[in-house]
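Reading through the structure tokens given below for one structure.
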Amino acid sequence: MAEIRLTKLSKTYPNGQAAVKDLDLSIKDGEFLVLVGPSGCGKSTVLRMIAGLEEITGGTLHIGDRLVNEVEPKERDIAMVFQSYALYPHMTVAENIGFPLRLSRVAKAEKDRRVREAAAILELTDYLDRRPAQLSGGQRQRVAMGRAIVRQPSVYLLDEPLSNLDAKLRDKTRTEMVDLQARLGVTTVYVTHDQVEAMTMGDRVAVMKDGVLQQCATPRELYASPANAFVAGFIGTPAMNFLPADVTAQGLTAAGLTVALPGELRAVLDRQSHSQVQLGVRPEDVKLGESGSPARVIGVEELGPEAIVRLALPDAHARRQLIVRVPGDTLLTRDETVHFNFGPKVHVFTEDGQRIAATN
Amino acid sequence: MRVRPRRITAGLYTFAIVWGLFILVPFAWLASLSIKSRLDAFADPPKLFFTPTFAAYGEVFGDPAFLRAIGNSLIVSTGAVALSLLIAVPAAYALRHIVGPLRHHTLLGILLIRMVPGMVYLLPYFVFYNKAHLMDTHIGLIIVHLIFNVPLIIWMLTPIWAAIPHDLSEAARIDGATPFQTLVMVDLPLMKGGILAASILAFIFSWNEFLFALILSRREVVTLPVAIVNFLAFEGTEWGKIAAASMFIVTPAIVFGFLVRRYMISGLTGGAVKG
């Protein structure tokens, strides 16, 4: 069991390109931490630095109490699952799972016992004599997991382990992995570009962009108080609506609507003397009704229990759309004109995307 | 898929047939010569129908010098392949891990070694072998065969190696394997088809090699191609024996040719990554 501590961790390639910049992150013992961000944000590089596959060019990395910057992967007491699974094609499932034990010269009887145990946990017992090519995608993924858990490491590193599975299997495997991690209680770092995966799996989620950590918080906190417009837009499907807003005496004016500001937010805005801000409104915080600003419905996406409605705002030159979440039994149709209001909760960001505050 | 115009297909077939005739007719002629009696062999016009005789084969395989030549060829070819693999496999492994222009230049340099005609190496080796007492020895010929076998194997293995996903060696590293263990337990088993194919080709090149064998051997280490030439003797050319011996010398090429074809298909990495 181990805590992982990243202090000012950096990765700069010889050509000067910085993949990760001064990352400070502390992962608690037994925690399931998800690193999420768009491709190229440096999340995989962070994972590979923790694994020891990528050289650390700045800062320190501790696993447990040990400084492991210069420690070989096998000495770090970690196991990793690759996106491609990286199963050895010439070995059977049993040999694949048992490979780390074979290398560490575990006695055969002990090795067989542990391989069978891991296989039982992952429901692979019937496939132990098969080769990877004879397995389905989901089974391969489980073999890769088996190879990781058989070593009983103190850290699991998972690099997009579900991205090669089809949607249905992905959902199923996702819950299985969360259950497994909770049962084994092993510190886990999980990399994904999928924010739904991040939100549903992580105890905490670290959002990265351009090699910089944007925010690390629980899923609920990320959703409720995003640190900046990037996090706000990245977390949540459909994404948050952003509208330029003027700070006026009455409050914030955007899209023909005025949002009243609570006293403390008013004070912050006045103190920082913003005249223009970005208003962030989640799709569920746009209310359709009899009053408010008019807008035209340009699309309705039925999802069953709910529907996503796209509205065209009247200020034609902005060509802005507003995404609204409504109950699934909506009767709205294309080209209908509706009226909308914001609230109760809206987020306010500076023009360059830093969080100022949120109402409510 | 685009449909190939019929005219092009016809052209390709014509080419293949003409090309095939160029190769097969001499071969068939040689094969028939090897089973003709001396009289039939020189009949003019050539006889299409004759009573086959295996007398020439009997003579060839009854000749102790020829049997010794078979032994020499086996020793030299096998030895050359083994020693080449010992050098070329680690070299290809190293080349896989070099990135950037150095890898490209190294591969090109290795290819150049192979492209230089053997004659260029011949004189220096001749002088050196005389001084180093390597003349007319098995090891002497084996060493000189490295010149063409090592580059061949490196060039054949490099792309096969590159096709093995890099994740596998990283996974092995995480699992606790040393680079050597990764090579032996992960890479080599996946490459055995490629290594076999490269070995067979190298074996055939060594088996057929004539120039070095002729100059760098005297009496002891006469290999098959040289032995055949020795049938062009003072007392007259023994065409039947030459034909029979030639038929024998091509057998490895034909037998292994089919094996190479089967193993060249590198379907060995299936299931390693998402498939």
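Throughout, a chain's letter reflects where its sequence line sits, starting with A, and its residues are numbered from 1.
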Contacting moiety of R76(A), where chain B heavy atoms sit under 4.5 Å: neither
Crowding at CG, D166(A) (>12 non-hydrogen neighbours, <6.0 Å): yes
Under 3.5 Å donor-acceptor, H90(A) side chain and M185(B) backbone: yes
Residues of residues 91-101 of chain A contacting chain B, heavy-atom criterion under 4.5 Å, by residue number: M91(A), F99(A), P100(A)
Minimum heavy-atom distance between I174(B) and I78(A), given as atom pair plus value: CD1-CD1, 4.0 Å
Chain B contact via E72(A) - which portion, at a heavy-atom distance below 4.5 Å: side chain
Heavy-atom closest pair, residues L103(A) and A172(B): CD1-O, 4.3 Å
Neighbours of chain A found in residues 11-19 of chain B - heavy atoms under 4.5 Å: none
E70(A) atom CD, neighbour heavy-atom count above 12 within 6.0 Å: no
D175(B) and R102(A), any side-chain heavy atoms less than 4.5 Å apart: no
Option in M80(A), R147(A), R131(A) with maximal non-hydrogen atom pairs under 4.5 Å from chain B: R147(A)
Heavy-atom proximity to chain A below 4.5 Å, by part of E170(B): both
Sub-4.5 Å side-chain heavy-atom contact between S84(A) and L168(B): no
